[in-house]
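Have a look at the structure below before the remarks.
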Number of protein chains: 4
Amino acid sequence: MRQTNRPLGRPHMSDRKKPTKEIILENAVKLFLKRGYQLVSMDDVAKECDVTKATVYYYYSTKAELFTDAMVQMMIRISDRIKKILSIDRPLKDNLLEIVKIHLRATFDIDLKTFIKDAKISLTDEQMIQMNYAEEKMYEVIENAIENAMNKGEIPQGNSKFATHAFLAILKVGNFRDMNNQSIINSIDEMANEIVNFFWRGMKV
Amino acid sequence: MRQTNRPLGRPHMSDRKKPTKEIILENAVKLFLKRGYQLVSMDDVAKECDVTKATVYYYYSTKAELFTDAMVQMMIRISDRIKKILSIDRPLKDNLLEIVKIHLRATFDIDLKTFIKDAKISLTDEQMIQMNYAEEKMYEVIENAIENAMNKGEIPQGNSKFATHAFLAILKVGNFRDMNNQSIINSIDEMANEIVNFFWRGMKV
Amino acid sequence: MRQTNRPLGRPHMSDRKKPTKEIILENAVKLFLKRGYQLVSMDDVAKECDVTKATVYYYYSTKAELFTDAMVQMMIRISDRIKKILSIDRPLKDNLLEIVKIHLRATFDIDLKTFIKDAKISLTDEQMIQMNYAEEKMYEVIENAIENAMNKGEIPQGNSKFATHAFLAILKVGNFRDMNNQSIINSIDEMANEIVNFFWRGMKV
Amino acid sequence: MRQTNRPLGRPHMSDRKKPTKEIILENAVKLFLKRGYQLVSMDDVAKECDVTKATVYYYYSTKAELFTDAMVQMMIRISDRIKKILSIDRPLKDNLLEIVKIHLRATFDIDLKTFIKDAKISLTDEQMIQMNYAEEKMYEVIENAIENAMNKGEIPQGNSKFATHAFLAILKVGNFRDMNNQSIINSIDEMANEIVNFFWRGMKV
DNA sequence: CATGAATGAGACTTCATTCAT
DNA sequence: AATGAATGAAGTCTCATTCAT
């Protein structure tokens with residue numbers, strides 16, 4: 001007779017322990033996004049993962065490397081999400097609206113440039129290149145969609161790079177909170193509309 | 001710590017011109033803007049001012065206090081500059097263009113929110129309030145100008161707060177640099193025009 | 001006609017400002033007794049006196065000197081008080097009882113030796129000698145009274161130095177407070193009696 | 001900071017015998033007893049143990065924690081020693097005499113209250129509680145022995161707490177040294193006798 | 001694969017003291 | 001007589017990193 005209580009067959013995904021390296025990376029992403037490079041110590045990461053600092057160093061030989069990996073991985077994930085939305089075949093404006101809404105619902109909002117500057121002195125050139133590359137890729141996804149729309153005549157021809165960054169910039173208006181932690185417009189849907197409409201009007205001749 | 005053999009005590013009044021406190025504040029602003037809160041040590045500030053750390057502490061009893069004072073002072077200076085430009089009696093669009101041009105010529109560009117988050121855990125509530133207040137004042141200057149223009153019919157009535165932050169957001173597109181440190185549009189004047197036009201179109205019905 | 005509101009005659013004692021040096025000394029005594037040598041800074045003393053640190057240094061060229069003066073002055077005051085009580089012509093036991101009661105009512109209780117050790121490394125030999133001298137004088141007052149009583153036959157002949165220190169030691173039992181800040185005996189009078197009786201019995205053959 | 005060029009990381013296990021934590025605690029006890037809380041720096045402790053400051057912090061995350069642990073451990077050791085002596089089955093007076101002799105031979109003598117006050121502002125409530133608890137336990141050992149003797153009729157019934165603290169107080173007379181570092185009674189045995197006899201007489205009706 | 005132990009460098013802060021006015 | 005400004009030395013604590021096991 002079987003003695004153990006383990007169910008028959010392959011264990012559920014959740015039962016199998018995730019590789020430690022992944023655990024570390026995920027927690028690192030979370031912590032870095034919340035507090036920034038300087039305010040996260042390797043000890044913090046270790047504690048969050050329930051391993052020792054030495055274990056973190058076993059997988060990532062410097063904090064800068066962990067940061068780079070964490071950021072790149074995050075940017076890739078963001079790129080993928082955006083790409084997925086933009087691949088839906090409907091007017092660009094609808095897709096952008098969707099992106100804005102998702103962004104507004106997300107809990108974090110950082111300014112990549114200021115954010116990375118915090119880590120810059122610790123990063124090697126190679127690491128900077130990796131991050132920059134991932135960053136550009138992220139922008140390209142949107143840029144391509146805009147160029148597409150321009151070619152299709154959805155929006156007038158123009159500087160797609162400028163458009164991309166203008167879009168990303170206005171996106172952040174949605175994250176603004178005043179002294180009393182109040183947003184400019186309370187409803188997320190209304191805010192999203194306002195943002196996309198503003199952008200859309202800006203793009204027109 | 002300083003290595004020179006400058007004697008203890010107060011130096012002859014004659015050889016210093018500006019009050020030490022001012023010198024410290026100015027250098028602090030400069031350093032904080034360049035590197036952010038965490039990456040500037042009180043020693044850095046002291047060295048930059050050619051005084052000892054203890055002297056810095058004589059005037060500012062904590063780093064957080066120095067930071068707060070530095071930021072508030074900077075925001076007040078920015079407010080004043082913007083106010084001065086906006087007080088010129090000509091179409092708002094022209095004034096905004098001027099602001100954009102000046103901003104693009106300035107060397108620094110920081111994201112206030114991300115920037116302050118870096119210092120947040122060290123700041124007292126009182127200090128946060130001071131900074132928030134100075135920040136709001138800064139926004140109000142632009143907001144008032146926009147409301148004015150709305151009332152005059154220069155631009156359609158609308159959410160002036162949203163407009164203000166949209167303007168400040170797009171402003172930053174001008175500071176974007178890609179992997180190769182290239183701006184999206186090379187000429188400052190062209191970029192300024194693009195930015196203001198984009199904003200202006202976005203504001204229209 | 002007189003214009004001022006100052007009353008005729010010599011001004012009240014309170015109106016005349018006490019010499020700064022005295023103010024400093026008094027506050028120093030107070031602070032040192034409360035916190036000990038190390039935990040009182042010259043700044044603390046200055047603040048307490050509403051003068052600047054430099055003023056304190058004007059009168060006392062080092063912290064050690066201020067401490068020494070403060071302690072000596074305090075010990076002299078204590079000697080005087082004890083002397084006054086002991087000079088009353090009644091049984092020694094009654095006088096001791098009075099001393100105990102007064103001591104128990106006082107707010108401070110320090111162990112001189114431990115207390116001075118805290119300052120020792122900063123004190124010059126000369127300063128140590130001054131303090132030791134004042135300390136011995138303090139003990140002598142009691143010692144003399146005990147010797148007197150021995151000569152008068154009030155108590156048996158014996159080692160008067162031992163007796164003095166035994167008395168001072170048991171005195172401190174009255175200051176003991178347990179974890180919950182409770183004294184061993186609640187009523188001061190009862191405690192004083194217990195102490196003196198214990199001492200008195202101890203002195204008997 | 002240590003100047004030697006000892007390589008980073010953990011040294012070979014072989015060349016160290018006692019666990020580092022123990023070494024640190026022992027040296028801390030020694031130093032704190034000699035100089036008190038304020039006058040012992042973490043660097044002092046580190047140097048005494050021939051490790052770096054960082055190592056001390058590896059085991060004790062604050063100076064207050066190290067102090068607390070050191071004091072508690074010391075009080076426990078004292079309790080144990082006293083308990084051992086008092087457990088010998090002979091007249092209480094003989095046991096007390098033994099305790100006094102051992103105490104007089106020991107090199108240190110501190111006033112716990114004054115001693116702890118020096119550290120108090122740095123201690124957490126929890127740490128104060130730990131120390132108070134250890135202190136009370138120490139007193140209880142003697143108190144119990146006294147109560148026992150009272151029950152056996154060796155000494156008259158009375159306030160055992162008062163008796164305990166009276167004993168500990170007179171004990172300190174033996175540690176008194178005058179200006180010239182002279183004890184009141186030169187021979188330790190004589191002094192011990194004098195002390196115990198004084199206490200014993202004091203206890204009698 | 002993972003960890004416990006150790007370290008060097010550097011951060012913030014305090015403080016007794018000095019000196020020109 | 002009093003003070004504001006400045007300093008050097010030291011103290012507590014943090015942290016990225018290393019290494020033997």
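In what follows, chains are A, B, ... by sequence order, proteins preceding strands, each numbered from 1. Values below: every heavy atom of this structure, side chains too, minus hydrogens, waters and symmetry copies.
- Going from atom CG of Asp50(B) over to atom P of dA5(F) covers 18 Å, rounded to whole Å.
- Using a 4.0 Å cut-off between a side-chain N of Lys or Arg and a carboxylate O of Asp or Glu, Arg35(D) and Asp118(C) do not qualify as a salt bridge.
- The base-pairing partner of dA20(F), taking Watson-Crick or G-U wobble contacts with both distances under 3.5 Å, is dT3(E).
- Using the six-membered ring where Trp is involved, Tyr37(B) and Phe32(B) have ring planes that are parallel, under 30° apart on the 30 and 60° scheme.
- If you check every strand for non-hydrogen atoms under 4.0 Å, Val56(A) touches nothing.
- Of the candidate nucleotides dA5(E), dT7(F), dT17(E), dA5(E) has the atom nearest to the side chain of Tyr58(D).
- Heavy atoms of Thr55(C) sit under 4.0 angstrom from at least one base atom.
- Across dA16(E), dT7(E), dA11(E), the shortest atom-to-atom separation from the side chain of Val51(D) is found for dT7(E).
- Among the protein residues, Val45(A) comes within range of no part of the nucleic acid, since none of its heavy atoms lies under 4.0 Å from any strand.
- Taking every side-chain heavy atom of Thr52(C) into account, dG4(F) is the closest of dG4(F), dG8(F), dA16(E).
- Here dA9(F) presents its P atom at 15 Å from CG of Asp43(D), a figure rounded to the nearest Å.
- Lys113(D) contributes atom NZ, which lies 4.5 Å from atom CD of Glu135(D) (distance to the nearest 0.5 angstrom).
- Phosphate contact (OP1/OP2 of dA2(E), side-chain N/O of Thr20(A), threshold under 4.0 Å): present.
- Between Tyr59(A) and dA2(E) there is a side-chain polar atom (N or O) within less than 4.0 angstrom of OP1 or OP2.
- Between the side chains of Glu65(C) and Thr68(C), no donor N or O sits under 3.5 Å from an acceptor N or O.
- Nearer the 5' end of DNA chain F, as judged by each residue's closest nucleotide, is the contact made by Ala64(D), out of Ala54(A) and Ala64(D).
- Among the heavy atoms of the strands, none lies under 4.0 Å from Ser122(C).
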